[in-house]
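The chain is numbered in sequence order, starting from 1. Numbering of ligands and ligand atoms starts at 1, following listing order. Because the structure is a prediction, the values reported are computed rather than measured.
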Amino acid sequence: MAGRKKLNVGMVGYGFMGRTHSNAFGKVNQFFDLGYEPVLKAVCGRDKDKVEDFARTWNYATFEPDWRKLVERSDIDLVDIAAPNDTHTEIALAAAAAGKMVMCEKPLGRNAAESAKMTEAVERAKVPNMVWYNYRRVPAVTLAKQLIDEGRLGRVYHYRAKFLQDWTISKDLPQGGAGLWRLDVGVAGSGVTGDLLAHCIDTALWLNGGIDKVTAMTETFVKERMHNLSGKVEPVGIDDASLLLARFANGSLASFEATRYARGHKALYTFEINGEHASICWDLHDLHRLQYFDHGDQGIVRGWRSIHITDRDHPYMAHWWVPGLQIGYEHTFVHQVADFLDGLASGKPAAPTFRDALATDRVTDAVLRSAQSGRWEQP
Ligand code: SOE
C-alpha cells in the first residue's frame, strides 16, 4: 500500500520474545498490505554490549540502556514490552502516561492486581494496546474459532487442554537471572500457571467464553534451587505443575494441565473441544493441521478429518506461499502485528487487549487460590 504511516517502535527486552517480536515487526509489511509500517527505532536493555549487538542484528536504528528514556522519547510511538514479567507494570504505566501505544508479552501482570492497574492505565490514556498471546493466530486455531462461531459444533460439552514441557526437571538447574527468571517467583509471579496455563486459558476464553469457577491443584517438585543472583540455595516459590477442572458459563466442563515435568515433551500445547454435532482437536507440534469430526457427514465416510491448513481460504494463508506449503511458530507473531496495525487503521482494536488478558490473569489467580484453599474459586 502506498502512503503507509510510519509507526516507530521502541522495544524493551532482547531475549527470546524480543527476537520473536522484532522478527514480526520487520516482516509484516512484506506479507500484509497495511496502512501502517512499523519502524524499528530503538531497543532497550541493561547490558550495553548485548543490546548494541541485538540492535545491529535486528536492524534497530538506535539502542537505549534505560527504558525510562525510551518511554520519554518523542520519536517513539509504540512501546513493546518483551522484558521479564516483573518489569511489565512499571513500563506499561509509564508508557501509557507518556501517550504511547503499548504492546506487552504475556502474562500481562504477575497477578491480576498488576494487570488491572495496567488495564486502567491504557484505558485512561486511551492508547491502543495488545498482549502477545500468539497461539490465537496459528491459522488452525483461528479456523477453530471460525468453525465454532459458525455454530458447527452446536452446544459445547467438553473443553480439554494441556501444555507440557520438560526443561526444569533437573535439580541442578539454578533459578533466577537471564533465561532462568521464569523459575524465580519474585520475577515471574508464578510458575507454569502464568507461563503455560495462561496460554491455554487465553485460547479457551476466546473459543468457549467465560469461566465461572475452577478447582485446582499445583505442585513444586523441586523445593530448593541455587539462585543465580544471590549465589545461595533458596526456596523455589513457583508452581512446577498446575491441574484444574473448570466450569464455563456456557455449561461446558473443562480440564486443563500445565507442567514442566513431562519428560519428552518440549512444548506440547493441545486442546480438544467436543460439541453436540462436531469435535475439534489441535496440537502445537503439528500446528498446521486441525482435526475435525462432523457427525453430520454421511455415515459410511464419517470419521476424523485432518485438515492441512495451507489453502488460500484458510485464515492468514493467502498472505504466504501457495497451497500445500505450511508456515510455523514465528508467523503467529507476524499475524499478531498485522491485526494490531489493521485495528489501528480501522479503529476496531484487535484482541487480546489488556482487558482481555486481565480476564486470563483473573482465572490464573483463581487457580492459584484454589490450589491453596482446596475449594472451588471464582475468577
Ligand atoms: C516457556 O518455556 C515458554 O517460552 C513460554 O514463556 C512461552 O509463552 C511459550 O509459548 C513457550 O514456552
*Atoms of ligand 1 close to Tyr135 [distance to a heavy atom under 4.0 angstrom, numbered from 1]*: 9 (C), 10 (O), 11 (C)

*Mind checking whether Trp282 and Phe271 have parallel, tilted or perpendicular rings, split at 30° and 60°?*
tilted

*Looking at Phe16, which atoms of ligand 1 are within less than 4.0 Å of one of its heavy atoms?*
4 (O)

*Parallel, tilted or perpendicular: which fits the ring planes of Tyr135 and Tyr329, with parallel below 30° and perpendicular above 60°?*
tilted

_Closest protein heavy atom to atom 12 (O) of ligand 1, given as residue, atom name and distance to 0.1 Å_ = Gln165 NE2, 3.0 Å

*Does ligand 1 have any atom sitting under 4.0 Å from a heavy atom of Tyr269?*
no

*If you link I, L, V, M, F, W and Y whenever their side-chain heavy atoms are under 4.5 Å apart, who else ends up in the same group as Phe221?*
Ile169, Val222, Tyr261

_Partners passing ring-ring contact (aromatic ring centres under 6.0 Å, His included) against His314 (at least two apart in sequence or in another chain)_ = none

*Which one of Arg260, Met17, Lys266, His199 has a non-hydrogen atom at the shortest distance from atom 8 (O) of ligand 1?*
His199

*Specify the protein heavy atom at minimum distance from atom 6 (O) of ligand 1: its residue, its atom name, and the distance to 0.1 Å.*
Asp195 OD1, 2.6 Å

_Can you classify the ring geometry of Phe32 versus His319 as parallel (below 30°), tilted (30 to 60°) or perpendicular (above 60°)?_
parallel

*Do the ring planes of His21 and Trp132 sit parallel (below 30°), tilted (30 to 60°) or perpendicular (above 60°)?*
parallel

_Lys106 neighbourhood, listing ligand 1 atoms whose heavy-atom distance to it stays under 4.0 Å_ = 5 (C), 6 (O), 7 (C), 8 (O)

